[in-house]
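Note: hydrogens, waters and symmetry copies are ignored here, and every other heavy atom, side chains too, is used. A note on names: the letters A, B, ... follow the listed sequences, proteins ahead of strands, and every chain is numbered from 1.
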Amino acid sequence: MILLPPLIVTWNKKRSPMLESPITPRSRDFAAWYQDVVLQGDMAEPAEIVKGCMVIKPNGYAVWELLQREFDGRFKATGHQNVYFPLLIPQSFLHKEAEHVAGFSPELAVVTIAGGKELEEPYVIRPTSETIIGHFFSRWIQSWRDLPMLVNQWANVMRWELRTRMFLRTTEFLWQEGHTAHATHQEAIEEVLRILDIYAEVAEEVMAMPVIKGVKTQAEKFAGALRSYSIEAMMQNGLALQAGTSHDLGQNFGKAFNVQFQSKEGQLDYVWQTSWGASTRLIGGLIMSHSDDKGLVLPPKLAPVKAVLVPIYRKDHEKGQVLEAAHRIAKDVGAKVDDREEQTPGAKFFHWERLGVPVVLELGPRDLASNNIVLKRRDTAVKEVLPQAELAARLQAALAQMQNDLYGVAKQRLKSNTVVANSIEEVESLLKEVTAEKGGGRFVMAHMKDDPACDARMKEFKATVRCMPLTDEFDGPGKCIITGEPVDRRVVIAKAY
RNA sequence: CGGGGCGUAGCGCAGCCUGGUAGCGCACCUGCCUUGGGCGCAGGGGGUCGGGAGUUCAAAUCUCCCCGCCCCGACCA
């Protein structure tokens, strides 16, 4: 295990013992820091008895539920309906689309025995549901009147990964997968981009996590898609995280599963399909975007508890007055009162700090006498003394400001860690510059042809082409740094999770 | 799947080299005392030492096998 340095408690030496921080500093070991924050923030823990899986704890699941609500509302507002398909998929289904099976075969878990008997045809535990949904789409769709078909499912999926990290990559994970069918390619493309916008909006406005929207290279696209789009975020160590993907499946699955419709003109044609997904990985991205050495930092919009009030008192008569006021004030502003008697205020401050609660309020005898209250933001650690009468407004303002500030800080980090390269040598040196000491990364923008041979060269730097941005300040034509051929824009090259 | 680390009380660890009564801190229980950033004191409960086999009078400790977890690399939301 990692040895932890003592956290020296300087504010009250005569009363406080030397304490050990339960969290490894980010700067020392980012991976250990991340794991500590997940554990100390009570978000999840390794399932231990089930390889590669995790238990999402109440605090973590509450964040997922808030995220779900944000996505689900937007999906429904754009005409999608929720459905649920089986966890088990006949193995043969996977084989109907050549690229699809090639891409997913290595990571499938297969059920071969059920009810004590060997199955005639094994089932795979879904790694994603394009195939089984294709099968049902072919039964549900006959006419142009049945289109567009817009469905979404909230589900678990399983991919047998060799290397797992909580939230970022586990064998089983939760996600939503949207599946749609359209009469024309144009409509399908519009759908893919509409969803990509929703992903970006939730990431930026709800998670306070800036992203780059882009197109995946052919080498990096979803197995079975014509084109894949993604949003890419940058973590605090400069590594990239794919935070949501939206795929233009063309007619590949339509043909594989015979999903045909009769057009207004009476002609038979295959549907144009899309699929798109965002997973619990987003929570990993959330943690790696905002949290610090003291623990979790949650943006107000995704904090299950937005404010906690810690009452402070000495004597019995103070206790009664403080608690009465604490409950009254907390009720007014929607804060939770931590009135546990067996914990001292100091212990409570540390507790809520680790859990990432955006605002902690302090109320003690001094405040009662002056009609004030103390408000402290999790991200800045700044304490403000303000009149109780102004609390409701000031709390809302503080939460809104914190939401904005978190985004601003992350946006600035993305900007300042994004650099331009005009040759492959420059890509290499720019990537190596940050890898050595920091164990980190950055985004390098370079002109590159969308050709698997070019993607492959990035392996030398342990990097990948994250995406070809749809729009950003690095747009503009140039020559591919590998082939010299003219290309119309720069791509994002980075090390990634 | 390769390399490394680790499995001893709920958690974090010491003990192992050199075999001989299973320990420490936190947490937990009881009481008193404290409360504006991890209070203190006193008393107390809690263990198939990851599993199996072997060596030995005797194994947490030595040998072999197995299992699991974490980290680092090749594949990936």
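Proximity of the aromatic rings of A:His100 and A:Phe253 is defined here by a centroid distance below 6.0 angstrom, and this criterion is met. Here the two rings, on A:Tyr229 and A:His247, have centers that are 6.0 Å apart or farther. Ring centers of A:Trp64 and A:Phe167: at least 6.0 Å apart, outside the cut-off.
Heavy-atom distances to RNA chain B give each of A:Lys51 and A:Tyr313 a nearest nucleotide, and the one nearer the 5′ end belongs to A:Tyr313. Comparing A:Pro106 and A:Lys319 by the nucleotide of RNA chain B whose heavy atom lies nearest to each, the residue mapping closer to the 5' end is A:Lys319.
A:Lys348 comes within 4.0 angstrom of nothing in the nucleic acid, heavy atoms only. Residue A:Lys383 is in base contact, counting any heavy-atom pair closer than 4.0 Å across all strands shown. When heavy atoms are screened at a 4.0 angstrom cut-off, A:Gly277 is found touching no nucleic acid atom at all. Residue contacts shown for A:Pro311 are absent, as no nucleic acid heavy atom lies under 4.0 Å away. Within the 4.0 angstrom heavy-atom criterion, base atoms lie near A:Glu362. Counting non-hydrogen atoms under 4.0 angstrom, A:Val157 reaches nothing in the nucleic acid. Looking at heavy-atom distances under 4.0 Å, A:Arg354 makes contact with a base. Note on A:Thr164: only backbone sugar-phosphate atoms sit closer than 4.0 angstrom, heavy atoms only; bases stay farther off. Using a 4.0 Å heavy-atom distance criterion, A:Leu241 is classed as making no nucleic acid contact. Using a 4.0 Å heavy-atom criterion, one finds that A:Glu353 contacts the bases of the nucleic acid, with or without backbone contacts as well.
At B:G36, none of the side-chain N or O atoms of A:Arg366 fall inside 4.0 Å of OP1 or OP2 (strictly under the cut-off). For A:Lys459 and B:A74, the shortest distance from a side-chain N or O to OP1 or OP2 is not below 4.0 Å. At B:C70, none of the side-chain N or O atoms of A:Gln35 fall inside 4.0 Å of OP1 or OP2 (strictly under the cut-off).
The side chain of A:Lys462 sits closest to B:A74 out of B:A77, B:A74, B:C69. In the set B:C71, B:A77, B:G36, B:C71 carries the atom at the smallest distance from any side-chain atom of A:Ala31. Side-chain atoms of A:Glu161 lie closest to B:C75 of the nucleotides B:U35, B:C69, B:C75. Side-chain atoms of A:Arg281 lie closest to B:A77 of the nucleotides B:U35, B:A74, B:A77. Comparing B:A74, B:C70, B:A77 against the side chain of A:Leu162 picks out B:A74 as the nearest. The listed nucleotides are B:A77, B:A74, B:U35; the one nearest the side chain of A:Pro345 is B:U35.
Judged by Watson-Crick or G-U wobble contacts below 3.5 Å, the nucleotide B:C6 has B:G68 as its partner. Applying the Watson-Crick and G-U wobble criteria (two distances, each under 3.5 Å), B:G23 pairs with B:C13. B:A58 is unpaired under the criterion used here, namely a Watson-Crick or G-U wobble arrangement in which both key atom distances are under 3.5 Å. Judged by Watson-Crick or G-U wobble contacts below 3.5 Å, the nucleotide B:C49 has no partner. B:C28 is paired with B:G44 under the criterion used here, namely a Watson-Crick or G-U wobble arrangement in which both key atom distances are under 3.5 Å.
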(request) Before giving the answer on side-chain contact (heavy atoms from CB on, under 4.5 Å), spell out for A:Leu282 and A:Met207 the whole-Å C-alpha distance, their side-chain angles and the decisive distance to 0.1 Å. (result) CA-CA 9 Å; A:Leu282 286 171; A:Met207 300 175 65; 3.9 Å; yes
(message) Evaluate A:Trp175 against A:Arg281 for side-chain contact (heavy atoms from CB on, under 4.5 Å), listing each step before the verdict.
(response) CA-CA 9 Å; A:Trp175 75 346; A:Arg281 162 181 271 195; over 6 Å; no
(request) Carefully, step by step, assess A:Gln242 and A:Arg466 under the rule side-chain contact (heavy atoms from CB on, under 4.5 Å). (result) CA-CA 8 Å; A:Gln242 179 175 308; A:Arg466 301 314 304 160; 3.8 Å; yes
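A:Ile23 places its CD1 atom 15 Å from the C1' atom of B:C11, with the value rounded to the nearest Å.
By the stacking rule of 5.5 Å between ring centres and under 30° between planes, A:Trp175 does not stack on the base of B:A77.
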